[in-house]
Asker: 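Got a structure for you, written out below as structure tokens; questions coming shortly.
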Amino acid sequence: MPELPEVETTRRGVDPHVVGRRILALSVHEPRLRWRVPDNLPDLVQGQRILHTGRRGKYLLLGLESGTLLLHLGMSGSLRVLAAETPRVLHDHFDLLLDSGVTLRFNDPRRFGSLHYTTENPQEHPLLKRLAPEPLDEAFNAEYLWRITRKRKVAIKQLLMNSTLVVGVGNIYASEALFRARIRPRRQARTLTRSEVARLARAVRTVLKLAIRVGGTTLRDYVGADGNPGYFKQKLYVYERAGEPCRVCATPVKQIAQGQRSTYYCPRCQK
DNA sequence: ACGCCCTCCTGTTGGC
DNA sequence: TGCCAACAGGAGGGCG
């Protein structure tokens, strides 16, 4: 599923095809996404030039002349760069047609994705303004993680997936970061020591950067803007490896449930 | 402030 | 083979 590395991969794939292009039309085929796409959105963006792309957490941003488009890929979404005449397939929900003959086409079987437009500073948008610091920015460091973990009883894995505390980390990278930091996912956040917090902050950054480098993780649906899958699946230590030998110590990987989500860890490597 | 539970939707898988 | 429940990568909103 699209977590930070998949969204960043999509942004990088899309960027050279869209910056400087003009939007000929936004065609919404299915407005019923996570939030209904407003009927007047096509009128608002038509004719505008795309000035830059950006990302905030798992939101992909397209900076236009008079505003910003905010796209979330949800659980099963992908945004592809295609020739405008490419036939649509099931679950293609909108097309952003550009003056180059290319279209940005959004496909999302589960419709948990979303598309918003704002003419204000996008960082002040209700969906973005409460998000935690970017994990690849300086502000996300051991000191920050130490501070937010001190009084929290919640399991550290669930804390990693709370976007007001840490952004960009979903179910896959939470398990992977905890493995790399050698910390058990069920540990209460406040019980982590200084050195564990430092290892975890580093592990989050490392795992996200490595995943970006290989185009993200494709388990089922995800493809980048060019239609290619990501290759980080081959580098997963624990995710979806229940019963298989730990790549470090060969102990069988365990699977547990936390908040209705699967978590994977090595009972020997992680304390 | 925090923690928990529910919800949105479709597709796939596994058990009986 | 068919049916059905459980589950799948997110996260906002509401409640106590």
Side-chain angles (χ1 to χ4, degrees), chain A residues 1-10 29-37 55-60 70-79 89-94 106-116 125-132 135 147-178 185-191 207-208 211-212 214-224 229-243 255-264:
Chain A
M1 167 40 198
E3 302 182 36
L4 186 151
E6 292 74 37
V7 178
E8 179 62 19
T9 297
T10 298
H29 320 299
E30 174 53 87
R32 295 173 301 164
L33 303 182
R34 169 77 203 266
W35 286 281
R36 190 182 176 86
V37 179
R55 179 188 55 75
R56 181 72 179 92
K58 299 176 189 174
Y59 286 89
L60 177 61
L70 280 58
L71 174 67
H72 198 293
L73 302 180
M75 269 191 173
S76 56
S78 58
L79 187 70
V89 298
L90 190 64
H91 305 307
D92 282 342
H93 301 317
F94 67 78
F106 181 66
N107 183 283
D108 183 9
R110 291 176 69 183
R111 285 196 272 133
F112 281 9
S114 64
L115 181 66
H116 286 85
H125 190 277
L127 293 172
L128 302 190
K129 74 176 178 201
R130 293 180 59 243
L131 294 179
R147 185 159 51 77
I148 63 171
T149 51
R150 281 317 83 194
K151 288 183 177 172
R152 292 176 197 265
K153 292 184 164 187
V154 73
I156 186 62
K157 193 257 191 170
Q158 287 168 292
L159 181 144
L160 288 178
M161 293 176 63
N162 178 338
S163 65
T164 66
L165 300 174
V166 179
V167 298
V169 177
N171 210 36
I172 299 174
Y173 299 111
S175 282
E176 292 298 309
L178 286 165
R186 282 211 262 240
R187 291 269 301 281
Q188 283 192 352
R190 64 180 182 177
T191 69
V207 75
L208 294 177
I212 290 170
V214 297
T217 303
T218 296
L219 296 173
R220 296 166 189 90
D221 310 332
Y222 172 78
V223 291
Y231 297 102
F232 198 70
K233 183 173 166 58
Q234 300 165 20
K235 312 215 189 244
L236 296 176
Y237 280 97
V238 288
Y239 191 80
E240 279 197 341
R241 296 195 64 244
Q255 175 176 4
I256 60 174
Q258 290 183 282
Q260 345 273 48
R261 316 296 292 278
S262 291
T263 302
Y264 302 83

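These numbers come from a predicted model, not from an experiment. Here is how names work: the chains are called A, B, and so on, in the same order as the sequence lines, proteins then strands, and each is numbered from 1.
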Asker: CD of Gln158(A) versus P of dC2(B): gap in Å, rounded?
Answerer: 15 Å

Asker: Hey, mind stepping through Thr9(A) and Tyr222(A) against side-chain contact (heavy atoms from CB on, under 4.5 Å) and telling me if it holds?
Answerer: CA-CA 11 Å; Thr9(A) 297; Tyr222(A) 172 78; 3.5 Å; yes

Asker: Would you say the side-chain atoms of Lys157(A) and Thr263(A) include a donor-acceptor pair closer than 3.5 Å?
Answerer: yes

Asker: Checking all strands, does Ile148(A) fall into the base, sugar-phosphate, or nothing category for heavy-atom contacts under 4.0 angstrom?
Answerer: nothing

Asker: For Leu4(A) and Val169(A), run side-chain contact (heavy atoms from CB on, under 4.5 Å): C-alpha distance rounded to whole Å, both residues' side-chain angles, the deciding distance at 0.1 Å, then the answer.
Answerer: CA-CA 6 Å; Leu4(A) 186 151; Val169(A) 177; over 6 Å; no

Asker: Expressed as a whole number of Å, how far does the P atom of dC3(C) sit from that of dC9(B)?
Answerer: 24 Å

Asker: Quick one: do Val154(A) and Gln188(A) satisfy side-chain contact (heavy atoms from CB on, under 4.5 Å)? Show the steps, please.
Answerer: CA-CA 5 Å; Val154(A) 73; Gln188(A) 283 192 352; over 6 Å; no

Asker: Distance check needed: dG3(B) C1' versus Lys151(A) NZ, whole Å only.
Answerer: 16 Å

Asker: Give the rounded distance in Å between these two atoms: CG of Asp108(A) and C1' of dT10(B).
Answerer: 10 Å

Asker: Scan Thr217(A) against the nucleic acid and name what it touches under 4.0 Å (heavy atoms): base, sugar-phosphate only, or nothing.
Answerer: nothing

Asker: For Tyr59(A) and Ser114(A), does a side-chain donor sit closer than 3.5 Å to a side-chain acceptor?
Answerer: no

Asker: Treat primed atoms plus P, OP1 and OP2 as sugar-phosphate and everything else as base, then score nucleotides 10-16 of chain C 5' to 3': B for base contact with protein heavy atoms under 4.0 Å, S for sugar-phosphate contact only, - for none.
Answerer: BBB----

Asker: Could you tell me whether Gln260(A) contacts a base, only the sugar-phosphate backbone, or nothing, with contacts defined as non-hydrogen atoms closer than 4.0 Å?
Answerer: sugar-phosphate

Asker: Please report, rounded to the nearest Å, how far the C1' atom of dC8(B) is from the CG atom of Leu115(A).
Answerer: 17 Å

Asker: So, taking the atom named CG in Leu33(A) and the one named CZ in Phe94(A), what distance separates them when rounded to the nearest 0.5 Å?
Answerer: 7.5 Å

Asker: Dot-bracket, 5' to 3', for DNA chain C please: Watson-Crick or G-U pairs under 3.5 Å, [ ] where pairs cross earlier ones, | where the partner sits on another strand, dots elsewhere.
Answerer: .|||||||.|||||||

Asker: In whole angstrom, give me the gap between the P atoms of dT1(C) and dG11(B).
Answerer: 22 Å

Asker: Output the rounded distance in Å from CD (Gln255(A)) to C1' (dG14(B)).
Answerer: 14 Å

Asker: Distance only, no hydrogens: is a donor on one side chain within 3.5 Å (strictly under) of an acceptor on the other, for Asn107(A) and Ser78(A)?
Answerer: no

Asker: Ile172(A) vs Phe232(A), test: side-chain contact (heavy atoms from CB on, under 4.5 Å). Steps then yes/no.
Answerer: CA-CA 11 Å; Ile172(A) 299 174; Phe232(A) 198 70; 5.7 Å; no

Asker: Whole Å only: how far is the CD atom of Gln188(A) from the C1' atom of dC4(B)?
Answerer: 15 Å

Asker: Hey, does Arg34(A) have a side-chain heavy atom less than 4.5 Å from the side chain of His72(A)?
Answerer: no

Asker: Does dC9(B) have OP1 or OP2 under 4.0 Å away from a side-chain N or O of Ser76(A)?
Answerer: no

Asker: Round to a whole Å and report the spacing from CG of Asp92(A) to C1' of dT10(B).
Answerer: 15 Å

Asker: Output the rounded distance in Å from CG (Asn162(A)) to P (dC4(B)).
Answerer: 12 Å

